[in-house]
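To start, the structure under review is shown below, and the notes come after it.
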Amino acid sequence: MEKSEIVAVLEEIAVLLDLKGENPFKIRAYSAGARLLEDLEDDLGKLIAEDRLGEVKGLGKALVEKITELHETGRLEYYEKLKASVPPGLLRMLEISGFGPKKVKKVYEALGVDSIESLRAACEAGKVSELPGFGAKTETNLLRAIENLEKYNRRHLWWDVRAVALPILDGLRELGAVERAEVAGSFRRNLETVGDLDFIVGADDSGPVMDWFAGLPDVAEVIAKGETKTSVRFSNGMQADLRVVPPAQFAFALHHFTGSKDHNVQMRQRALAQGYSLSEWGLFPKDADEATRKSRELHSEEGIFEALGLHFIPPELREGRDELAYAEENRVPRLIEPGDIRGAFHNHTTASDGKDTLEDMARAAAALGWEYLGIADHSKASWQARGLQEDQLREQVARIREWNTSENPPVHLFAGSEVDILKDGSLDFPAELLDTLDYVVLSVHVSMTGMDEKAMTDRIIRALETPLKCRKMLGHVTGRLLLRREGYGVQIPRIIDAAAGNDVAIELNAHPRRLDLDWRHWRRALEKGVTCVINPDAHSATGLALLEAGVRIARKARMEPHEVLNTRNLAEVRAWLGL
DNA sequence: GCCGTTTTCGGCCCGACTGTTTTCAGTCG
């Protein structure tokens, strides 16, 4: 069984144990084990073969045995028995907001409710409010939560959330009572999708800020409103929390609510080991009396990290992976920023499925201050995207050469093509034609389904190995569309090795719905010597701006400017392309 | 289920808000 599938099994075991009312620390061991496995750098098969899996801190005897059994046989009796003992509908019921494992267990045992549908019926019949610990309010809240669950996707694309968040942040900062305001949470960590928005405000008087927030024109429902926290749901379904803290506690609150949860747990454990207790309210001496204890006075996140012997960790890196160990040893480098970008290579025009002409795209790139722009329209197999025929590509190349030799072109254009990787791994255009280009972007668009992981990986690797005179880049590696469809399964480590071995750059597709290759794989790729190229996959002149979403994801992979091809200037890029 | 520079047993991160309760359990982040 593949590692990612084992991770999913461990996570499910944790949820199932939760539903059975098991020891919470046992549950945590399983979910922590899943995370550890997910972040494992070394090959799982190799670790098992060398009997070294137990060396990973957090994986004990029981987990090592279970992971090994899953990896070697694809099955786990413990898991199968556990799963059989819990009705499948109970898992889905956990997605209802405000409804956790304890309540699910109660309605199941008392009323036999085992699905969202039967829960709705039980609420409507007034049976739920009769249970001890439940009341009329719980019942109406449940009905509304079920309705919301069906109506809205629970997560949103980072890019879409930004459009909502920034105007509110500006509004908060303009309020008289507000000293400092930030957006925290997964939005601040630049995660590819965001669940809820978290606003943190430093102010002495919270009342007016809460009232302003709850009264925003787009608020459809006020879920909770207290002295320090207000939760609302906007009419588009997005939920947002506002927390107001005294200015002296702002840095602690900002750090806490930026998370991630795993990062916070590690920070607190580190604090405890150094004789402190860390929370959103401060950094306190561990054994101090509740009533009289005083926090260290720290007014920035930098100060909090420093107090615990760490270099500053940018929000993007706080995922509870290896950032604490890293920040203890090293100063975190200057991460890539949108302003470092000088061009991009994967862009479409009206020749295929783009909305703007070659010339309009070029002028838009110049307006962004870029030095160069690569044009890579679809190839003929992508008929649904009006892919170019061979003679059309030849014409486009001629037009690009003409642009470059015209008087003072505002940007240099590179001639490329987004060439389909066909089902057998061959390319959609003959090598003689591709050799007239400056580069090619190799992508899978056709025959995406019905191939297993190994076959798809072999297919892509064959394309990467195709001998060509021009440079190759691998486009959107997994083909995923966030919140819409999973990518086709591929063996990422093999793809990375093949890209490194054949001098192929890998694309970080910056389209907010793709962000593919996923940031979690990039350290490995860069350490293997793969060149990263961040591409907007623009289908219009305004689409070039999407590149920023890719840069934000690159930051999550701790990428520095020199690790990204399109931070280089025109001369350096020409040299890389062998021109 | 995991872990140990006081430990192989007894701990395991912290706090706000809601609803159903008279002191707290459950959920969330």
Taking only the side-chain nitrogens and oxygens of [X], find out if one of them lies under 4.0 Å from OP1 or OP2 of [N].
X	N	result
A:Lys229	B:dC17	no
A:Ser277	B:dC14	yes
A:Ser97	B:dT27	no
A:Lys225	B:dT18	no
A:Asn141	B:dG19	yes

- Check: A:Ser231 side chain, A:Asp241 main-chain N or O, donor-acceptor pair, under 3.5 Å: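 No: the side chain of A:Ser231 does not pair with the backbone of A:Asp241.
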
Look at the side chain of [X] and decide which nucleotide, out of [options], has an atom nearest to it.
X	options	answer
A:Trp281	B:dT27, B:dA16, B:dG29	B:dA16
A:Thr228	B:dC14, B:dT20, B:dC17	B:dC17
A:Ser279	B:dC14, B:dG26, B:dG29	B:dC14
A:Lys137	B:dG19, B:dC14, B:dT27	B:dG19
A:Thr138	B:dG1, B:dG26, B:dG19	B:dG19
A:Ala62	B:dC2, B:dC17, B:dC14	B:dC2
A:Ala29	B:dG1, B:dT18, B:dG26	B:dG1

From [atom1] of [X] over to [atom2] of [N], roughly how many Å is that when rounded to an integer?
X	N	atom1	atom2	value
A:Glu11	B:dG1	CD	P	18 Å
A:Leu278	B:dG29	CG	P	20 Å
A:Glu280	B:dA16	CD	P	6 Å
A:Leu142	B:dT20	CG	C1'	14 Å
A:Leu197	B:dC28	CG	P	18 Å
A:Asp262	B:dC14	CG	P	16 Å
A:Lys106	B:dC24	NZ	C1'	11 Å
A:Phe134	B:dT18	CZ	P	18 Å

- Query: Can A:Glu117 and A:Arg92 be said to form a side-chain contact (heavy atoms from CB on, under 4.5 Å), step by step?
  - Reply: CA-CA 11 Å; A:Glu117 267 321 300; A:Arg92 285 213 47 225; over 6 Å; no

- Note on the structure: Under a 4.0 Å heavy-atom cutoff, the residues of residues 18-28 of chain A touching DNA chain B are A:Asn23, A:Phe25, A:Lys26, A:Arg28

- Message: Among residues 44-60 of chain A, which ones have heavy-atom contacts with DNA chain B below 4.0 Å?
- Response: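 A:Lys57, A:Gly58, A:Leu59, A:Gly60, in order of number.
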
Once you apply a heavy-atom cut-off of 4.0 Å, does [X] come out as touching a base, just sugar-phosphate, or nothing?
X	result
A:Lys66	sugar-phosphate
A:Lys102	sugar-phosphate
A:Ala136	sugar-phosphate
A:Phe257	nothing

Give me the distance, rounded to whole Å, that separates [N] from [M] when you measure between the [atom1] atoms they each carry.
N	M	atom1	value
B:dT21	B:dA16	P	24 Å
B:dT6	B:dC2	P	24 Å
B:dG1	B:dT5	C1'	24 Å
B:dA25	B:dT20	C1'	9 Å
B:dC17	B:dC12	C1'	25 Å

Heavy-atom count around [X] [atom1] within 6.0 Å, excluding the residue itself: above 12?
X	atom1	answer
A:Arg75	CZ	no
A:Glu50	CD	yes
A:Phe99	CZ	yes

- Provide the Watson-Crick or G-U wobble partner of B:dG11, both distances under 3.5 Å; none if there is no partner. B:dC2

- Are A:Met559 and A:Leu508 close enough, and set up right, to give a side-chain contact (heavy atoms from CB on, under 4.5 Å), and what steps lead you there? CA-CA 12 Å; A:Met559 261 190 235; A:Leu508 196 178; 4.2 Å; yes

- Task: Show your reasoning for whether salt bridge (charged side-chain N to carboxylate O under 4.0 Å, His left out) applies to A:Glu147 and A:Arg120.
- Result: CA-CA 10 Å; A:Glu147 197 182 315; A:Arg120 190 212 302 273; over 6 Å; no

- Think A:Lys106 forms a cation-pi with A:Phe134, using NZ or CZ under 6.0 Å from the six-ring centre and within 45 degrees of its axis?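 Output no; distance or angle outside limits.
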
- Taking O4'-C1'-N9-C4 for purines and O4'-C1'-N1-C2 for pyrimidines, is B:dT21 syn (within 90° of 0) or anti?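 Anti, since the glycosidic angle lies more than 90° from 0.
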
- Message: A side-chain contact here means heavy atoms from C-beta on lying under 4.5 Å apart; do A:Leu47 and A:Glu55 qualify?
- Response: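 With C-beta onward as the side chain, the pair stays apart.
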
- Message: Within the structure provided, determine whether A:Leu59 and A:Leu53 are in side-chain contact (heavy-atom separation under 4.5 Å).
- Response: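 When only atoms from C-beta onward are counted, A:Leu53 and A:Leu59 do touch, with a gap below 4.5 Å.
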
- Compute the ring centroids of A:Trp158 and A:Phe187, then answer whether they are less than 6.0 Å apart.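 That pair passes the under 6.0 Å test.
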
- Parallel, tilted or perpendicular, as decided by the 30° and 60° cut-offs, for the rings of A:Tyr30 and A:Tyr78: parallel

- Closest-nucleotide 5' rank along DNA chain B - winner of A:Gly226 and A:Ile96: A:Gly226

- Task: Specify the residue among A:Asp196 and A:Gly133 whose closest nucleotide of DNA chain B lies further upstream toward the 5′ end.
- Result: A:Gly133

